[in-house]
Structure formats: structure tokens, C-alpha cells
Amino acid sequence: MRIGNLLKIGAFLCCLLPVCAWAQDGQAQAGGPEHARLAAPPDDMFVDLRVPAHQIYLGETIRVAYDVYVASSRGQVFYNVEEPDFAHWYVVEGRTAPAGHASFDGKTYTHEPYAVFFVTAMTAGKISLPPLKAEVPYLPSKPWVMNTPRVVEVLPLPEPRPAGMAIGNVGNFEISGSLSEREIRVGDVVNLKVKVWSDSPAAGIGLAPYVIGEDPEAFRVYPTINDLTEEKVIGDRLMSKREFRIRLMALKTGSFTLPPVEIVTFEPQHHQYKRLATEPFEIRVGDGYLPETSVRAQTHRLDSVSIRDIRLSHRNASCVIPLGWLALAPVLFLVWLIGMIFYRRVRRMRQDSERVKAAEQCLESLETADTAQAQLDIIGKIMDVRFGLGLDDGRDAFYAELEKLLTAEELSVLKSSIAALKENVYSTKKPLSEKALSEVVSALRRAVRRGGRV
């Protein structure tokens with residue numbers, strides 16, 4: 001009797017064992033993407049993440065690929081996925097290759113390249129690449145699987161960092177430049193056009209400050225303008241193109257050699273900084289009219305040091321100016337002087353009114369801008385139109401000038417907002433929050449209407 005009972009219990013346990021195993025497997029794998037488990041061969045379905053390097057530099061771009069493998073015995077499988085969430089990376093999506101087949105330990109799989117991303121590190125440190133999670137549709141519990149985690153160590157750029165190095169200038173670069181005209185007159189504005197190609201994100205690319213070295217009084221250099229920002233994926237590479245325009249106003253006559261435009265970059269494969277430059281530009285400036293608003297202080301130099309004879313001549317007494325006209329001369333001069341002062345003041349007020357009107361129109365556009373890049377461009381335009389400042393003038397010089405124009409509260413709001421927008425342009429592309437945007441608009445509106453120095 002005892003032996004019979006034992007046989008019955010053993011038979012019952014044998015029947016129950018597969019059921020328990022199935023239940024345990026279903027319980028472990030059941031749930032949504034948050035309960036996804038790691039999977040690898042010989043599992044019938046798994047996700048793989050291919051990473052070319054596990055140690056890169058800040059600002060360097062690498063290509064990562066997510067692949068889904070399904071056992072060929074399962075046939076064609078349609079599955080749901082949860083896309084990777086790149087929180088600390090700037091991302092451009094690329095094109096995937098056609099599906100194929102692969103074998104692991106004698107087991108055949110259908111290989112589907114699911115997604116390709118070109119990712120750029122935004123912060124230094126050890127950063128995990130986000131997983132791709134896929135649902136297993138052919139199991140009753142519909143569990144989720146994901147790839148093995150991958151951690152990339154992001155190294156800061158070597159110190160000391162050269163002057164003019166922009167954080168986005170990491171990778172391989174080419175630069176070229178052209179001059180819109182070779183012969184101009186004093187008062188004319190010539191455009192120096194620069195094109196930069198790279199395998200890094202276009203938004204972070206920046207030129208070194210452009211300075212007229214040999215004769216700085218010959219031209220006035222305006223803030224650099226960004227005319228084009230373009231990103232394309234060509235084959236297995238991210239290719240970016242950015243076009244800049246530097247405006248120069250001629251202030252004096254002569255033949256000049258304009259210095260080349262430079263860009264300072266860092267090449268990760270060689271672990272070193274590199275300075276690239278265009279060719280210098282030859283230009284000839286003839287006589288012309290210089291607008292009064294463009295005249296600035298210049299160093300006067302003697303054109304000649306040769307001694308010249310001074311000849312004195314006697315005026316005929318009959319040509320003496322009548323005393324009556326001499327008495328009226330001071331009065332006439334005073335009237336002329338007052339008229340000129342009034343005319344210039346009226347013209348200055350009219351110009352100031354036009355700048356305020358243009359800046360307030362930009363503020364209206366800023367309130368409706370819905371991307372970080374649009375908001376940053378409009379703020380830069382307001383700075384240029386109202387105060388003659390450019391966001392590309394150099395961070396320290398830009399904020400040093402703003403300290404003279406804004407209150408401490410306005411400057412604090414603007415600095416934090418510009419910093420946030422630059423980071424968002426390079427990463428999430430999200431605009432400022434409604435509250436932050438309202439604070440920026442209010443601060444700028446007060447500064448625009450006040451003008452001048454605080």
C-alpha cells in the first residue's frame with residue numbers, strides 16, 4: 001500500500017512538472033516592456049546591439065545598430081517594440097540593411113537589422129546605451145526581451161583646449177571659402193562665404209573668431225551669420241554641411257590680403273587637435289562713401305615726412321570782408337550748429353525707434369517659436385538688431401557687453417536661457433518651457449525698450 005501510494009505521487013509529480021515549468025517561465029517573462037529580460041542564443045528570439053567602440057571622446061559620433069533575431073523555425077513573426085530612449089546622446093537615425101539569415105551554434109535565425117543610429121555623446125563619464133525591447137508574440141504570456149546592456153566610456157577632450165575650439169568640432173572636417181567680390185569701394189559690404197563639411201552633428205560646428213590682423217582699421221567685421229545647416233546619412237556615415245557668412249565693410253582704400261578663415265577641430269582617431277583654414281583672400285578697395293554711422297576711431301599717420309616750402313602772400317586790402325558780416329558770423333555759426341545737433345538727434349531717435357520696432361517684432365516671433373533652434377536664432381537676431389551684438393562673438397565678450405546693457409536680473413535670465421537652448425539644440429531640440437520663455441520675453445522687452453546702458 002505504501003509503495004502504491006508512492007508510485008501514484010510520483011506519477012502525479014511527473015505530470016505536474018511540465019506545467020510548473022511552463023507557469024514559471026510564463027511568470028518570469030510576463031508583463032510589459034519594463035519586465036523585459038535578457039535573451040541570447042539558443043533562445044528562439046533575441047535582440048543584439050552592435051557598438052564599434054566602448055571608449056570615445058566627448059562630442060564624438062559613432063554608429064550603433066540594433067538587430068532582432070528570430071529562429072527560422074518560427075516562420076514570419078510580427079512583433080511590437082519599445083524604441084531606445086537616448087537621454088544623454090544627440091541622435092540621427094540612419095538606414096538599415098535588408099534582412100538576412102545567420103547561424104549560432106548550428107541554429108538558423110532570421111536576421112532583421114531593426115534600427116541604425118548615429119549617436120553623439122553629450123556628457124562625459126560611463127554612459128549606458130538604451131536597450132531595444134521586443135515583444136515575443138508566439139508565447140502565450142507575450143513576454144518581452146531586450147539586448148545585453150552596453151556601456152560607453154565618454155572621455156573629456158584633452159586639456160589645454162585651443163582657443164576657438166567649439167564643442168561640436170570633433171571628427172573629420174573640411175573647409176573652403178570664397179569672396180563675393182574682389183573689387184569694392186569704401187563703404188561697401190563684402191561677403192566672405194565659408195563652407196564646412198564634417199561627420200559630426202551640424203548644430204555644434206563653429207568657426208574660430210575671425211580677426212583682421214595686419215590692418216584692423218581697414219575693415220569692420222560683423223557677427224558671423226549661419227546660412228545653412230544640413231545633415232545627411234550617406235551609406236554608413238553621417239555627413240554634415242554648414243555654411244557661414246562673414247560680412248566685412250571696407251573703411252579705407254588700398255589693396256589688402258584678408259586672412260584665412262579657420263576652424264579648430266579634434267580628431268579622435270589621432271587624439272589631437274587640428275587647425276584647418278581656407279586660403280587667404282585678395283581684395284582691392286577704391287574710393288567711395290563711408291556712412292556716418294560706420295565711422296569709428298582710427299589711428300592717424302603722416303602720409304609724408306618731406307619738408308615743404310611755405311609761401312606767404314599779401315591779400316589786397318580791397319578784398320577785406322565787411323565788418324557787418326564779421327559780426328553776423330558767430331550768430332550764423334551758432335544757428336548752423338544748433339540745426340546740425342537737432343538734425344542728428346532726430347535722425348538718431350528715428351533709427352532707435354526703428355531698431356526697437358524691429359526687435360519687438362522679433363519678440364512676437366519668439367513667443368510663437370516651437371523649437372530650440374528657432375528660439376535661439378530669434379534671441380540672436382534681437383541682440384544684433386537692438387544692441388549690435390552676436391551670439392557668435394565669443395561667450396566672455398558677449399556677456400561682458402550685456403552686463404553694460406541689462407540689469408543683473410535680466411542678465412541672469414538670459415544667460416541661463418541661452419545655455420539651456422544651446423544644450424537642447426545639440427540634444428533634445430526641445431524649446432524653453434512656457435514659464436522660462438515668458439521670463440525671457442519679459443526681460444528682453446524691458447531691455448529693448450530701455451536701450452542704452454543701465
Side-chain angles (χ1 to χ4, degrees), residues 14-54 61-120 127-152 199 201 231-239 428-429:
C14 290
C15 295
L16 188 62
L17 186 60
V19 177
C20 292
W22 177 85
Q24 183 178 2
D25 181 71
Q27 184 178 3
Q29 300 182 38
E34 65 276 7
H35 300 294
R37 68 175 181 86
L38 302 179
D43 291 338
D44 280 358
M45 184 172 178
F46 65 93
V47 181
D48 184 42
L49 170 59
R50 289 182 286 131
V51 184
H54 291 275
T61 301
I62 58 174
R63 180 182 183 274
V64 299
Y66 293 87
D67 302 326
V68 178
Y69 292 85
V70 180
S72 299
S73 59
R74 293 290 181 179
Q76 190 174 12
V77 174
F78 299 94
Y79 50 87
N80 296 320
V81 298
E82 182 180 82
E83 298 280 353
D85 182 16
F86 292 93
H88 301 283
W89 307 83
Y90 176 84
V91 181
V92 177
E93 188 168 359
R95 295 180 179 178
T96 58
H101 296 279
S103 297
F104 299 96
D105 298 329
K107 189 172 183 177
T108 305
Y109 290 85
T110 299
H111 169 214
E112 180 182 351
Y114 184 81
V116 171
F117 299 100
F118 294 87
V119 298
T120 306
I127 307 176
S128 297
L129 287 166
L132 174 70
K133 300 176 181 179
E135 185 185 38
V136 182
Y138 51 78
L139 293 180
S141 58
K142 289 184 170 44
W144 289 73
V145 294
M146 66 179 185
N147 59 272
T148 302
R150 297 285 193 275
V151 176
V152 177
D199 56 2
E231 289 177 344
K232 292 182 179 179
V233 175
I234 302 177
D236 288 341
R237 295 187 64 190
L238 170 67
M239 298 300 297
T428 64
K429 303 183 184 295

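All values derive from a computational prediction rather than experimental measurement.
- Atom NE2 of His54 is separated from atom CD1 of Ile62 by 8.5 Å, given to the nearest 0.5 angstrom.
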Stepwise ring-ring contact (aromatic ring centres under 6.0 Å, His included) test for Tyr66 and Tyr114 | CA-CA 6 Å; Tyr66 293 87; Tyr114 184 81; 8.4 Å; no
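- Salt-bridge check for Lys133 with Asp85: failed, with every basic side-chain N at 4.0 Å or more from each acidic carboxylate O.
- Between Glu112 and Ala99, the closest heavy-atom pair is CA-CB, 4.3 Å.
- Proximity of a side-chain donor or acceptor of Asn147 to a complementary backbone N or O of Leu132 within less than 3.5 Å is detected.
- Using a 4.5 Å cut-off on side-chain heavy atoms (C-beta onward), Thr61 and Asp199 make no contact.
- The environment of NE2 in His88 is sparse: at most 12 heavy-atom neighbours from other residues, nucleotides or ligands sit within 6.0 Å.
- At a threshold of 4.5 Å between non-hydrogen side-chain atoms, the residues Val145 and Asp43 do not count as touching.
- Looking at Thr110 and Gln76, their side chains never come closer than 4.5 Å, going by heavy atoms from C-beta outward.
- By the 30° and 60° cut-offs, the orientation of the rings of Tyr109 relative to Phe104 is perpendicular.
- At a threshold of 4.5 Å between non-hydrogen side-chain atoms, the residues Trp89 and Val152 count as touching.
- Here the side chains of Met45 and Pro137 are in contact, with some heavy-atom distance below 4.5 Å.
- Within a 6.0 Å sphere centred on CZ of Arg95, other residues, nucleotides and ligands contribute 12 heavy atoms or fewer.
- Phe46 is not listed as a side-chain neighbour of Leu38, based on a closest heavy-atom distance of 4.5 Å or more.
- Here the side chains of Arg37 and Pro143 are not in contact, with every heavy-atom distance at 4.5 Å or above.
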